[in-house]
Each structure stands twice: as structure tokens, then as C-alpha cells.
Amino acid sequence: MAVWLPVLALVVAGGAVVCPSLAQSRRAVAPPRPPAAKVFGPRAGRVLDRLNRMTPEERRRTLQNLPPDRRQRVEEQLERYNRLPAQEQQRLRLQLDRFRDWPPEQQEAVRRLFRRFNAFPEDRRALLKEEFRALNDLEPADRRARINSDEFRSRYTLAEQQFLQDYASLLLPQE
Amino acid sequence: MECPIQSRENADLLLAYCARKLEPRTAAILERHMESCPDCRAFGDEQRSVWAALDRWDAQPVSPVFDRRLYQRLEAEEHRGWWDRAVRPWLPRAWRPAFPLAAASVLVAAVLLFRSPAPVGFPETNQAEAVDMDLERVERTLDDLEMLRQLNLMARVEAPSLQPM
């Protein structure tokens, strides 16, 4: 009996040594798994970490439960997100966390605003995005002044002006 | 006579006495001292009991093939492999017979592992994750990220910059 205990211990220890190395060698012949995305603090984007940790095959199987058009949309959005620099990804995820802390009806108001934005033609959207940046840089008083300026009124349609006013109402005063 | 234990100069007299190697005249002097010295008497009693025990012990007769086996082992020791020489001193004696058996077991386990059908593609596929993922949540997250990026609503960023409506 005293002899079998060491046998058992050695078998277990040997298995522990051999199995990981074997698994390693088997993994070497399989297609390389994408590097695990670093899990940042922001909680809202962790679902993307899960998705990014998946192999292409796993992701395909996961997304195949979606209708084709939605699946394609998810794949494109995920690709766009993954192409962003890591710092920008982190910034967006922080923003998403803050956004998700809002009351649901307010979140929905922003989503409605975004749907209105997407309804504009592409060239006008580019113009509006420039205006977003300009409005972001201004103090509230200067922002109001700009929205009421002749230049502003001449540059944008009534729908765009209304859209930009609603947009500006979501911005906090500069700190 | 000066006490051998106290003076520590004649301690060899006590040992020689206990080994029965002391000449009779000196032994008589020491015995007279021991009659009056409890320390030397106690020391002498203890030593005598050791010698008595050794006298009672009978050594086992040496096997007639002892020498032959000894030389065989010495020769085998000289021809041991480097692995055996490196590992053997670290293995407890009780484990040594078990080591070849354990090594064979590990080998069998390794062979079984190699022969098991290797998964095609990614071996770590997590089926449960693939099935259980909340796809609506994924879509919502991606939509919101896209929205925040396009609208640039939080350009002021890491500090809260959205104003609740």
C-alpha cells in the first residue's frame, strides 16, 4: 500500500506536467486564437470583450441566431469599433457607462436624436458633425449666440437648425 | 584522587574504566573514588549498562553472498545512466520501486491523450457562450457606441458631459 501512494502521486504529478504541454502542442496546430481583449473597467462594453474573445467560428455560431441583415450590421459595427485605437475604444466605453447611468427615457431621447441625424443625407451629416465639434468647444452663452447667428441660419436648413438646437441642449456647460 | 568529572582532566580514566581497559591499580583507585563521588558513580553505572547491552547483542551472521552482491551493486552503480544518477538521490527510498511504474503510467496517459481525436479548429470553443450570449445586448451596445462616436456628445469626455433632460 505504501508503494502505491507514491505511484498515484507521481501519476497525478506527471499528468499535470504532461497535459498542459500537450494541450499547448495541440493548440499550436490549430488556427491562432485572437488575443484576448483587455478587459477595461467600464462595464457596459464587456459584452464586446466577450465577443472579441471568441474565435471567428464561435462568433459566427453566436451571431447566426440573428437575421442576416442584423448579423451583418453587428459584424460591421464590431469591425469599426475594433479598428479604433485602444484609447478611443476606452474613451467610448467610459462614455457608454455614463450614458447607461442615465434614466432610460433620457437615453431614448438621445437615440431618437441619433435617428434624426441618420435621416440626413451623408454630406449634410458630415457638415453637422463639424458643427458638433464647434458647439462642443463653446461656452453655453457663446453656443446660444452661435445658434442664433445669421451665419448659422444661413448654413443649415430649418430641420438641421432644430436638430442642432436639440443637440446643444444635451451638452453641459464647459468646465 | 581528584574527581575526573569535576576536574575534566582525567575524564579518559572513566571511559577507559568503563571499557575495562584501565590497569587494575588505577581502576582500584578510581573505584574507591566512585564510592564517595555520586557523579562518577552515576557515570560509571550508565557506561556499564551500555557495555552490558552491547555484550548481550548478537550481530546477525553475514550472508555468504554478501560480498558478491555488494560488488555487483558497486559495479551497477558505476554503469548507471546520468538520469538515474541525477534523480535517484532526490527520490525517497520507498518511492524508488514505484518510479518506473509511475513513469509508465504517465506515458500511457500521454499516449491516450495523443490518440484522442483532436478537435478541429479551436479546441477551446465554448459552446455555452456561443449560445447564451444576449445578442440584443450586443446590438444595443454597438448601436450606442456608434451613436456616441458619431454625435460626439461627450467630447468633454471622461468627466460627465451629458446633461440630463
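Chain letters run A, B, ... following the sequence lines, proteins first and then strands; every chain starts at 1.
- Between the side chain of Y167(A) and the backbone N or O of L151(B) there is at least one donor-acceptor pair closer than 3.5 Å.
- R100(A) is listed as a side-chain neighbour of D144(B), based on a closest heavy-atom distance under 4.5 Å.
- Only the side chain of R80(A) has a heavy atom closer than 4.5 Å to any heavy atom of chain B.
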### Task
Check the pair L48(A) / L145(B) against side chain to side chain contact (heavy atoms under 4.5 Å, CB included), numbers first and verdict last.
CA-CA 11 Å; L48(A) 301 183; L145(B) 282 172; 3.2 Å; yes
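- Counting heavy atoms of neighbouring residues, nucleotides and ligands inside a 6.0 Å radius, atom CZ of R137(B) does not exceed 12 of them.
- N152(B) places none of its side-chain heavy atoms less than 4.5 Å from the side chain of K129(A).
- Here CG of L142(B) is found 9.5 Å from CG of L96(A). Values are rounded to the nearest 0.5 Å.
- In terms of heavy-atom pairs under 4.5 angstrom with chain B, the leader among Q64(A), R73(A), R133(A) is R73(A).
- In the displayed structure, L158(A) atom CG is contacted under 6.0 Å by at most 12 heavy atoms of other residues, nucleotides or ligands.
- In this structure, CD on Q150(B) lies 5.0 Å from CZ on F117(A), to the nearest 0.5 angstrom.
- For L84(A), the part lying under 4.5 angstrom from a heavy atom of chain B is the side chain only.
- Side-chain contact between R149(B) and Y81(A) is absent, with no heavy-atom pair separated by less than 4.5 Å.
- Within a 6.0 Å sphere centred on CG of D67(B), heavy atoms belonging to other residues, nucleotides or ligands number more than 12.
- We find the CD-CG distance between E139(B) and L78(A) to be 12.0 Å, quoted to the nearest 0.5 Å.
- For the side chain to side chain contact (heavy atoms under 4.5 Å, CB included) with L148(B), the qualifying choice from R98(A), Q95(A), R93(A) is Q95(A), the only one to do so.
- Using a 4.5 Å heavy-atom threshold, the side chains of R140(B) and V47(A) count as separate.
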